[in-house]
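Before any comments, here is the structure.
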Amino acid sequence: ALLLVVMLELTVRAGWVNPVLIPPPTAIAQRVFTVITGSGFFEPLGRTMYLLAVAYAIGSVLAIALGVLMGRFAPVHGLLEPLVEVLRPLPKPALLPPLMLFLGLGDAMKITAIALGVFFPVLINTIQGVRGADPVMVDTARTFGHSRAAILWKVVLPSAMPLVLSGMRIALGIALVLVVVAEMMAGTGGIGYLIVDLQRSFRITDMYAWVVILAVLG
């Protein structure tokens, strides 16, 4: 990666690449430092992180709750599994236009889109984790008189946590992509909107600086 950066720097300095369209990496690095130390850094970053955190929490909690039910109870799984399989493969950015139509361009639309992107990876992993719970441990807990809710909370869910956390890790990357795309399309603040606005105003070095900041955040 460092070699590619050095090659790009030399290529731009030699005039083989238009520096207006692709500034040298050293200029971008200087602008990143300027942006980070400036007063306007935390407002778009905070807005993006707020949307990301709220939507990620909502999507994860709902997915874990429903995943436990679908993984433990066959009637619930049989009822909801066809709907899940229909919606799961759908690219979540494709849902942004209809969500804009029904929810407008505000935070509700963005949070809903991001939460949907988070929901399915966590749900699938939770179902698999719950189904993989050791039946001997479940039977032992039942023998000792634990209620069904206690067995789910103290036996099934802890044994499923490695897969649940794996799904949450995958979902976090998806959530970051979706929050930026939603901000770009809605045009109502955040890092995604800022990157598009800088491109439109032809502030190319600033645009690349925020792309680098977004990469570090990712």
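Just so you know, residue 1 is the first one in the sequence shown, and it goes up from there. No hydrogens, no waters, no symmetry mates; every other heavy atom, side chains included, goes into these values. These numbers were taken from a predicted model, which means no experiment stands behind them.
Listed by first and then second residue, the ring pair (Phe, Tyr, Trp, His ring centres under 6.0 Å) pairs involving residues 29-60 are Phe41-Trp210 (not counting sequence neighbours).
Within the 4.5 Å cutoff, the side chain of Asp206 has heavy atoms near those of the Arg31 side chain. Side-chain atoms of Val12 and Pro23, non-hydrogen and from C-beta on, never get closer than 4.5 Å to each other. Put simply, the side chain of Ile127 does not reach to within 4.5 Å of the side chain of Leu163, judged on heavy atoms. Taking 4.5 Å as the limit, every side-chain heavy atom of Phe119 sits out of range of all side-chain heavy atoms of Ile58. Here the side chains of Met168 and Val164 are in contact, with some heavy-atom distance below 4.5 Å. Taking the side chain as every heavy atom from C-beta outward, Arg47 and Lys110 approach each other to under 4.5 Å. When side chains are defined from C-beta on, Val196 does not count as touching Glu183, because their heavy atoms never get closer than 4.5 Å. When side chains are defined from C-beta on, Ile174 does not count as touching Val118, because their heavy atoms never get closer than 4.5 Å.
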side-chain contact (heavy atoms from CB on, under 4.5 Å) between Lys92 and Leu95, intermediate numbers included: CA-CA 5 Å; Lys92 300 310 173 286; Leu95 297 175; 3.9 Å; yes
Evaluation steps, side-chain contact (heavy atoms from CB on, under 4.5 Å), between Thr112 and Leu103: CA-CA 9 Å; Thr112 302; Leu103 299 176; 3.5 Å; yes
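Under the 4.5 Å side-chain heavy-atom criterion for grouping Ile, Leu, Val, Met, Phe, Trp and Tyr, Leu52 is connected to Ile111 within one hydrophobic cluster. Under the 4.5 Å side-chain heavy-atom criterion for grouping Ile, Leu, Val, Met, Phe, Trp and Tyr, Tyr193 is not connected to Val180 through any hydrophobic cluster.
With salt bridges taken as basic N to acidic carboxylate O contacts below 4.0 Å, none links Asp197 and Arg200.
With hydrogens and angles disregarded, no donor-acceptor distance shorter than 3.5 Å links the side chain of Ser159 to the backbone of Ala133. A side-chain donor-acceptor contact under 3.5 Å links Ser201 to the backbone of Leu198.
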